[in-house]
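Data first, discussion second: the structure below is written as structure tokens.
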Amino acid sequence: MDAAMLQRTKKSQMLEDHGDKDRAYRFKILLPNGTSVCLTFQNPKPTMPFGDFIQRLEEEYSLTYRRFSSGKRKRDIDWKGGCLFLEDANDRKIRGEMNFKNFKPHECHILKLHDGSHESAYTFENMWDLTPVTDILKELPEEYTFETALADLIDNSLQAVWANDRRHKKLISVDVADDVISIFDTGPGMDGSDEHCIVKWGKMGASLHRSLREQAIGGRPPYLTPFFGMFGYGGPLASMQLGRHALVSSKTKDSRKVYTLHLDREALLTGSNSNIQKKRRGSDSDSNWKTDGGMRDPLEDEISKTPHGSFTKVEIFKPKSKLDISQLQCKLKDIYFPYIQCDEESKSGKTITPVNFEVNGVDLAEIEGGEIAITNVHSCNGPDFVLQLHFSCKQDSMTKSPDSKAYIQANARLKCAYFPMVEGKENIEKILERLESDGCGTSENFETYSRVSIRRLGRLLPDARWARLPFMEFKQKKGDKADLLKICCLRVKCFIETDAGFNPTPSKTNLAHHSPFTTSLRNLGNQPLENEKDVRIKIYRDGNHLTLSQLKKEYEDWILQMHERYDDEAHCGEDQPVLVVSPANKKALRISSEVARVHKSLKRKGVTWKCGQKIKLLRGACAGVHNNNVYATIEYFLLEGLEGDPGGGARIICRPLSLSVDKGCILKINDGDTSLDIRDSLSVPVSVIDSGKCLAVESNEWDNQLEKQRQKSPSTIDLLDVEECQELGVDGALPVDAPAGKVPPEVIVAVVRPASYVSSCASKTLDQKYIARTNLKMFMEVEFRSDAEGLRNVRDISACAVPEPRKGIQGLYIFPLKSKYPALFQTSGVYTFSFHLTESNCKHVEKRVLIKQAPIVEYKEIQFTCPNGKAPVIGTPKMEFDEIQVQSSHGKVLPLQDSSSIQQVGNLMVPVMKAPKVEYDESPIPCPNEKIFLLQDSSSLPQAQNLEASNVNKEKELEKDLHQSGMQIGDMEKNLDALNKEKAVIEQDIYVVQASVERCNSDYCSMKAELKHRIESMSHTAASTLCNLLRVPSQELSNDFMGGVIGLVALLGSTGSSELSRILSEYLGEDQMLAVVCRSFAAAVALEKYEHNGEVDSRHALYAAAAKLGRSINGRFLVISLEDIQPYTGDFDGGDPQRKLALPYPILPSGNTPDGFLGYAVNMVDLDEHHLHMTTAAGHGLRQTLFYFLFGELHVYKTRQDMLAARACIKHGAVSLDGGILRQTGAVSLGYGNPEICFPVLRSVAVMKKKIEIYKETMSAVIAAIEEFTKDHQKALKKFRKKNKKWHELATVKERRLIKTT
């Protein structure tokens, strides 16, 4: 006898010795009428007369029947008949006396009573007591899904068959029919003994395997030690989730009988509620949860499946749902794949089948479907990247039990497999397509496909579909290599196998969210978080210990190696390629191969892309496309390597819309030598198509972008006037004319105007959006012409300038004059200044300056011709007028006549006319007889002068009145013409601004839709799920928790510029930008429900909605409750519909407002119209609550320099449009950020609408002025006609007198 056997013998003897003093014999008697009674005999004599035993049984039956009777009438038992006998599980009959020596004390023995009747029961009421312990009732989970519940039952079977020795068959057989589901296993089975009692299957907290968990920590991957039992309630709850009634039948190899256990959903639920209420009251009296059971002989079918004689069968009647057998087979194969097919447990390396799984008679090892099997087929044959992780954590002294270890441990193996691109198509896409065709598809696509799956003890956790772990991402890297890594890392999937050290959720669908080991695993690759500092992780690869930096480096090298060996991106050209050998400009082309193929057509994802096609590259698509969408035209496709070579990359060569054709890519073929000159075109990876960030553009959208580009493109050159130069602090502007010797201005300032600039609005001339920013050179040429003294003198000046800033305005071309050319205007003549840009279609401009000499007055002799031959000299007045400019109240320049004063008519400044200047031009006046006499030769001059003296003054007065009236009418007509032109210009301005408003709204809607798409593509996030749910109108939402959700921070407002959007989004960070905004705290907490142990319940609220969408939510997310925010309580800007906060301007110690201060961030985010009037129960709006909570009194400055100079008055932090961030704590954020989630940009539509209102007001004033001038013009015309008629009458009288005189 060995030592172990001796120790067990001694222990048995000790129990027996102890039992002599206090022995209890327990019996469960199954009565012939289908009831059961429990009897206990304390220290009985060795034997008892059979009649006494039956009498005690009858008395106990009477008491039990009264307490627990179901109410149904039971047949009477013939207690007095002479045919009574008892029968044990081995069919031995007991009559005469009860010999207690044949029964072990302290154990329960099942006996069956026969009363001689031919009616025999097989099911017995209240045979089994399933009353759970108090702790288990406190941690009960809520309902499973149907598939999860079925897997829980199969877990029990797998644990059972794993206990078989090598000689015994390990079989799990699942049969599914419309009316019943059966799970059969060949495990050790159960009976009525205390050690293997069938009660432990149905009694929560009595799991046969809970104590074995420690044995499943450690060992070799894939950790096939299925000691899943942790909670002890999987069997009964799972079976009741599947159907209304369950029957458990089980037999051990040593017993002849099959023991049965009946579970009824209604009875269990009633018992559960009753027990929970009693436990909460602290009462244990009469707390029971009893169910029916029985004993029977095994069936032939059962014996045939288990040669060694033991089994357990669970039958679910009236299933709640119908299952697709094919899909069920695939899902079960995925969940238990290592137990079905495994090549790591075999020493020979061959694939073995540890457990035979059958579904409706089909061996799961023989089916080809299932995600895991399909995934394995499509991975490359190259080496996997395998890591071994060991976790350890010191237990909290408050929570550890006295006999527990000081440290808890866990182990995991990470196996990263590479799924290459083959013939231009991603293998992961092929996996998704195959799953879809097999009826096992998900809502995931290439971007959202889960890159991490997890098994615990070989069993798949179906909801653990995580995004990439931190060490698998390359977000911080920049450059071409980084772009390649970011593409290739999408082709990696990580398969994680964990041991029992990792805790699952109660439903065993994911790892426990708040477990420190789970948190550390999810954060692998980053520095430990605060709650991870007590967890130690050791990382090994090929037996070598790695640091985090070594891990990242080796993973990066492995990915590049896989790409070079297996990726076949280049096998996708649709036309005959042109080979380019040893290109000298590989860096510009962004390739590394010595051979490249140039195609004009390429097929990607089943779609053909061709050269000449218009595309849109979304912001952030790749390097070079960071801040804005890029519209471009495809020129060529560049494929690295020869056809069939692995590892070759593919790129799109495209010409941005802003680039002219002559600056695009050129394919040159000279004498057989081929070269590809990319010039100013872009080279982008073809993966932008795969990621959905390269979109085909319709003609309407392209035309709109062309128009936007035209509006922004350089159109004309404009010279700034005196006032504009003064605003810039320089002495500039050319005169129109000047006397010789005038000193030239210090400088001339020229700007390039975009096509969107309208010259009629002077107030816009120094607005940056109306000054194009270019890097082009501008040339000024001055040409001088002089014809003095009959000579033609030509002298030229030429100068060049580049754009430079002045007072924050970019794009100013400043040409010095006075310092370089001081004698420029010394000579009279015409100076022609011409300006033009290099390499641009921008119109050149000319400006002429007239330099005059002093005026010379000459007199000419006048000849007057009259019928009598002699006539007096009469001067004919010649009028000259100087043109002036009058500025209207809204800034328009109106060409008017010279005036001495200006008066206001309505909102329009209107000139008051002066009398015209009158000069006399000596010219002959013909007479009717066409004879001309010299005045000096007339002998009758005194007579003629006397004749005319009486009428000359009257005639001159009349002529003067006529000329004045005519000039006034002319001025009125010119003013009316100017006002009508002004009206037309204002109408055009209104049209342009209204079109801008429409374009801004269109751009904003497009940008917001793109932002929503970007958020939705962020798989496994709460923001992605909510963004999908918010698409549905609130009245159609069936989710109660969505009622109090307002939206995501990023979608609740907009900014006026992309610079402001970027810096405010970077200041908040992605967590706050994607924060969920709720009206109340109750609405916030309704998004999440919890298990009894504090774990997040992924089957309810937002998590359940995510599952319906084929998504999951991993990690934490921020929720903001408006009612819990301390709101802003000050005044508002009353005239602003956005209800901006009336915050005082910051003041420096000097008393001045800091330079470059643009405003407060809280006021620079505009609310959407449908959120503008949203208020809390206390009446506070989003700006008062949410945005004041996020930004406080954050300053916004134009530049970093301005921000840093204003530090003395910054209390709550500040940002600048060029990227500066100064936190409230005083910390400065350095470097450059490029946030992916930004506020949508909506150009200042409110300002534009205000401009439209101003334009309309001005239009009304112009129309009123037109009406007033029209009335005055009609009156003046009427007076002129009267005076003209009178003058003609006077002229006729004069002529008649002259005729009489002659």
Side-chain angles (χ1 to χ4, degrees), residues 1000-1001 1004-1005 1007-1009 1011-1012 1015 1022-1023 1025-1056 1060-1061 1064-1065 1068 1071-1087 1102 1117-1143 1159-1194 1237-1242 1244-1246 1249:
C1000 286
N1001 287 328
Y1004 171 70
C1005 293
M1007 188 177 297
K1008 192 167 185 179
L1011 175 60
K1012 289 180 178 178
I1015 294 173
T1025 299
L1026 279 166
C1027 205
N1028 276 278
L1029 294 176
L1030 289 171
R1031 288 185 179 274
V1032 183
S1034 57
Q1035 62 270 22
E1036 298 180 16
L1037 284 173
S1038 60
N1039 302 304
D1040 296 337
F1041 62 86
M1042 288 296 293
V1045 176
I1046 297 173
L1048 303 177
V1049 170
L1051 299 175
L1052 296 179
S1054 62
T1055 62
L1060 181 61
S1061 170
L1064 292 185
S1065 303
L1068 292 180
D1071 283 350
Q1072 292 194 96
M1073 288 293 290
L1074 294 178
V1076 183
V1077 182
C1078 296
R1079 292 180 181 273
S1080 63
F1081 183 77
V1085 298
L1087 295 174
L1102 187 60
F1117 60 95
L1118 185 63
V1119 182
I1120 299 174
S1121 166
L1122 294 185
E1123 72 174 12
D1124 293 333
I1125 292 175
Q1126 183 67 35
Y1128 169 80
T1129 56
D1131 295 330
F1132 297 90
D1133 183 353
D1136 194 330
Q1138 283 280 333
R1139 284 180 59 80
K1140 294 184 178 178
L1141 313 184
L1143 298 171
Y1160 290 96
V1162 67
N1163 286 333
M1164 299 180 79
V1165 176
D1166 289 334
L1167 300 176
D1168 283 355
E1169 290 187 3
H1170 55 287
H1171 290 125
L1172 191 57
H1173 304 292
M1174 203 274 332
T1175 58
T1176 63
H1180 302 300
L1182 281 179
R1183 192 181 306 280
Q1184 293 171 264
T1185 53
L1186 174 66
F1187 289 107
Y1188 191 68
F1189 165 75
L1190 293 174
F1191 294 117
E1193 297 182 10
L1194 180 75
I1237 305 300
C1238 296
F1239 289 109
V1241 176
L1242 178 59
S1244 190
V1245 173
K1249 290 181 178 179

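FYI, the numbering just counts along the sequence from 1.
- Residues L1167 and L1052 form no side-chain contact, since every pair of their non-hydrogen atoms from C-beta on lies 4.5 Å or further apart.
- Partners of F1189 by side chain to side chain contact (heavy atoms under 4.5 Å, CB included), not counting sequence neighbours, listed by chain and number: I1120, I1125.
- Looking at residues two or more places apart in sequence or on another chain, you find a side-chain hydrogen bond (donor to acceptor under 3.5 Å, both in side chains) between Q1138 and R1183.
- Here the closest heavy-atom approach between residue V1119 and residue A1084 is recorded as CG1-CB, 3.5 Å.
- Qualifying ring-ring contact (aromatic ring centres under 6.0 Å, His included) partners for Y1188, counting only residues two or more places apart in sequence or in other chains: Y1128.
- Here the closest heavy-atom approach between residue C1238 and residue L1011 is recorded as O-CD2, 3.3 Å.
- To the nearest 0.5 Å, atom CG of residue L1074 and atom SG of residue C1027 are 9.0 Å apart.
- Residues forming a side-chain hydrogen bond (donor to acceptor under 3.5 Å, both in side chains) with S1065 (at least two apart in sequence, or on another chain): none.
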Before giving the answer on side chain to side chain contact (heavy atoms under 4.5 Å, CB included), spell out for M1164 and T1055 the whole-Å C-alpha distance, their side-chain angles and the decisive distance to 0.1 Å. CA-CA 6 Å; M1164 299 180 79; T1055 62; over 6 Å; no
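- Residues meeting the side-chain hydrogen bond (donor to acceptor under 3.5 Å, both in side chains) test with D1071, sequence neighbours left out: none.
- The CG atom of L1186 lies 11.0 Å from the SG atom of C1078; values are rounded to the nearest 0.5 Å.
- Rounded to the nearest 0.5 Å, atoms CZ (F1132) and CG (L1141) are 6.0 Å apart.
- With values rounded to the nearest 0.5 angstrom, K1140 atom NZ is found 15.0 Å from Q1184 atom CD.
- Between D1166 and N1163, the closest heavy-atom pair is OD1-O, 4.5 Å.
- Of all the heavy atoms in V1165 and G1053, the pair that sits closest is CG1-CA, 4.0 Å.
- Residue R1139 holds its CZ atom at 10.0 Å from OG1 of T1175, rounded to the nearest 0.5 Å.
- Every residue two or more places apart in sequence or in another chain that forms a side chain to side chain contact (heavy atoms under 4.5 Å, CB included) with M1174 is listed here: I1046, R1079, L1122, L1182.
- Between V1077 and L1048 the shortest side-chain heavy-atom distance does not fall below 4.5 Å.
- L1190 is not listed as a side-chain neighbour of V1162, based on a closest heavy-atom distance of 4.5 Å or more.
- Closest non-hydrogen pair, T1185 versus P1127, comes out as CG2-CB, 4.0 Å.
- Partners of S1080 under the side chain to side chain contact (heavy atoms under 4.5 Å, CB included) rule, at least two apart in sequence or in another chain, are A1082, A1083, E1123.
- Using a 4.5 Å heavy-atom threshold, the side chains of Q1072 and V1049 count as separate.
- Between the CE atom in M1073 and the CG atom in L1118 there is a gap of 12.5 Å [rounded to 0.5 Å].
- Every residue two or more places apart in sequence or in another chain that forms a side chain to side chain contact (heavy atoms under 4.5 Å, CB included) with A1022 is listed here: L1102, I1113, F1117.
- For the residue pair F1239 and S1061, the shortest heavy atom distance occurs at O-OG, 2.6 Å.
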